[in-house]
Amino acid sequence: MARGVSARGVSSAAVLSLAAVQAVAAVHANIRAAQQYDVVVVGGGAAGVFASIAAARDGSSVLCLEAGPAPLRKVRISGGGRCNVMHDSATWDPRGARDLLQQRYPRGSSELVGPLSSRFSPLETKAWFEAEGVTLKREDDGRVFPTTDDSATIVDALLSAADRAGVELRTGAKVTSIARCETGKFKLTCTSPNSESGRSQSAPLFVSATSLLLATGSSSHHLAKDLGHEISPLIPSLFSFRLSSGGMLDSSLAGVSVPDAELTLECMRVANPAEEDAENSATPSPPPRKRKGKRGGGTSQVLSARGPLLVTHRGVSGPAALRLSAFGAHELAEAKYRGILRLNLAPNYSVDEANSAIESCKSRTDTRLKQVGTVNPFGLPRRLWAAVVSASMVDPSKRWDTVKKSELAQLQRAVQASPLEFSGKDSNKEEFVTAGGVSWSGVDSRTMSSRSVPGLFFAGELLDVDGVTGGHNFQSCWTTGMVAGRAAHAFATM
């Protein structure tokens with residue numbers, strides 16, 4: 001050990017305790033004898049474990065490093081503990097893949113066309129899990145779950161497959177730095193858990209890899225950035241809307257749902273940071289204009305979404321709201337999550353058709369003498385119809401045959417264009433998705449490999465890809481994981 005001089009002029013070696021000398025010696029011994037693997041996967045989530053299995057089955061020695069206490073955390077808690085493992089494979093058609101993926105992935109759809117069409121499709125995903133002994137079931141909305149309705153079924157299948165393939169899985173191993181050696185190999189420094197206390201040891205663990213695969217989900221983007229990759233802005237996706245007070249929907253309607261509704265987004269304009277904090281500074285803007293950019297691979301249109309809708313204690317959720325939040329993630333972030341939702345509770349009706357349905361109540365013999373509040377021409381839940389009538393400013397006790405033409409128009413607008421002001425967002429407990437990540441400009445989607453760093457691969461949510469609710473985010477994990485894992489093996493064993 002090189003000798004140095006302390007601030008007091010005393011040899012530094014002379015003041016080191018025996019234990020400290022031994023600790024330093026152990027660090028250098030670890031550096032000299034770094035553990036060697038063909039492929040090291042950083043991240044023990046869905047994409048990381050799946051990629052590890054793919055690489056190991058092809059013949060690579062694989063180490064999967066998970067920073068947390070257990071792997072597959074999101075898999076365990078997704079879908080309310082049931083695990084919506086994928087979407088119905090029968091809906092997959094490679095001939096219309098581009099259009100289909102644009103509907104399912106607000107970001108990353110173009111890059112997933114090739115991998116999902118020719119490398120690992122939903123059909124192959126279904127076959128993979130069934131081969132691992134998992135029996136799957138399809139629900140009416142296309143979501144696919146294990147028949148056990150227990151995410152442990154999926155977790156056990158993945159961990160069993162990893163174990164049989166020879167994957168070495170280490171938990172509590174947080175990667176702190178990555179260096180690329182002159183030989184082209186990667187050297188990773190990570191914490192190592194103390195087997196007795198469960199805490200990280202002071203001496204780090206050193207690992208060497210021919211291929212490095214990053215699959216850290218929505219965290220640790222700095223590892224990719226440190227290796228020269230651009231990170232697209234990280235913003236929330238798949239969230240519910242927190243409504244302002246005073247609108248048509250409030251907490252008294254919590255739990256009310258409709259099977260089909262349409263939401264259209266009108267964001268607020270925020271001129272400058274000072275105005276963001278002013279109570280009444282933001283003013284409504286028209287629907288977002290068309291603009292070019294990577295929003296699912298095309299030009300963004302007026303932002304609207306249709307599907308089931310749920311009223312919550314604080315706002316609105318359900319597939320329609322979640323889908324809108326995903327496709328409008330950037331616009332919503334720019335507007336600081338403030339704006340107006342236009343709610344259409346009868347999207348199957350044109351304006352003229354809705355007017356006719358309402359007007360018929362005024363003339364039909366079975367309804368004309370009944371009160372407006374008791375006759376609902378659109379089959380809406382009773383409490384919701386009462387809220388619609390109240391919002392229209394029509395007296396609910398009024399008989400239909402006495403309703404004025406202007407009041408009929410007010411009812412139509414309340415049904416099909418009610419404004420819901422929102423001033424925040426709430427997390428969706430069943431899916432945890434971040435928009436943004438490693439930019440596709442630096443990634444070859446055919447292999448999920450880095451365009452600038454040979455031997456570096458990416459998979460899962462770390463990439464700038466995110467899907468709508470329904471199993472699509474897990475599908476991107478399985479597909480990118482399979483492609484990246486096999487490519488990492490191929491590079492390591494060239």
Side-chain angles (χ1 to χ4, degrees), residues 139-142 240-241 243-266 287 302-325 339-422 469:
E139 299 198 340
D140 291 342
D141 58 4
S240 55
F241 292 84
L243 298 182
S244 304
S245 60
M248 184 176 80
L249 305 182
D250 57 30
S251 60
S252 68
L253 295 171
V256 170
S257 64
V258 290
D260 189 20
E262 185 175 51
L263 291 173
T264 299
L265 175 66
E266 297 178 9
V302 170
L303 292 173
S304 63
R306 182 173 169 178
L309 187 73
L310 171 68
V311 183
T312 70
H313 286 283
R314 287 154 56 110
V316 288
S317 187
L322 298 176
R323 182 178 180 86
L324 185 62
S325 75
I340 291 175
L341 301 174
R342 293 285 173 183
L343 173 61
N344 184 351
L345 291 168
N348 278 331
Y349 291 74
S350 68
V351 171
D352 288 342
E353 289 169 341
N355 278 323
S356 295
I358 294 170
E359 289 172 5
S360 69
C361 293
K362 183 179 175 68
S363 57
R364 280 169 34 200
T365 56
D366 61 330
T367 59
R368 58 189 303 271
L369 299 180
K370 294 182 178 179
Q371 294 178 343
V372 172
T374 63
V375 176
N376 173 3
F378 301 102
L380 298 174
R382 180 180 55 80
R383 285 193 293 155
L384 183 58
W385 176 248
V388 167
V389 175
S390 176
S392 74
M393 305 300 289
V394 175
D395 183 353
S397 64
K398 198 169 189 177
R399 281 184 2 191
W400 274 104
D401 64 344
T402 64
V403 175
K404 298 177 182 178
K405 187 173 183 179
S406 60
E407 292 175 319
L408 295 174
Q410 290 168 211
L411 282 168
Q412 180 275 323
R413 287 194 294 271
V415 170
Q416 292 192 301
S418 281
L420 305 176
E421 185 177 349
F422 64 93
T469 186

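One is the number of the first residue; the rest follow in order along the sequence. Keep in mind that this is a model prediction, so the values were computed, not measured.
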Would you mind reporting whether Tyr349 and Val415 have side-chain heavy atoms less than 4.5 Å apart? no

Ser325 side-chain N/O to Leu322 backbone N/O, donor-acceptor pair under 3.5 Å: yes

Once you round to the nearest 0.5 Å, how far does CG of Leu345 lie from CD of Gln416? 9.0 Å

Considering only heavy atoms from C-beta outward, does the side chain of Leu408 approach that of Trp400 to under 4.5 Å? yes

CZ of Arg383 to CG of Leu249, rounded to nearest 0.5 Å, is 11.0 Å

Heavy-atom count around Arg382 CZ within 6.0 Å, excluding the residue itself: above 12? no

Side-chain contact test, heavy atoms from C-beta onward, threshold under 4.5 Å: evaluate it for Leu341 versus Leu265 and give yes or no. yes

Closer than 3.5 angstrom, by distance alone: can the side chain of Ser356 be matched with the main-chain N or O of Asp352 as a donor-acceptor pair? yes

Between Ser392 (side chain only) and Leu411 (backbone N and O only), is there a donor and an acceptor less than 3.5 Å apart? no

If I take atom NZ from residue Lys404 and atom NZ from residue Lys362, how far apart are they, to the nearest 0.5 angstrom? 10.5 Å

For the residue pair Asp250 and Ser252, confirm or rule out a side-chain donor-acceptor distance under 3.5 Å. yes

Trp385 vs Phe378 aromatic rings, parallel, tilted or perpendicular, using cut-offs 30° and 60°? tilted

Could you tell me if the side chain of Asp395 sits less than 4.5 Å from the side chain of Val372, heavy atoms only? no

So Asn348 and Arg306, do their side chains get closer than 4.5 Å, heavy atoms only? yes

Tell me, do Arg342 and Ser418 make a side-chain contact under 4.5 Å, heavy atoms counted? no

Flag the pair Leu343 / Val316 as yes when at least one side-chain heavy-atom distance between them is below 4.5 Å, and no otherwise. no

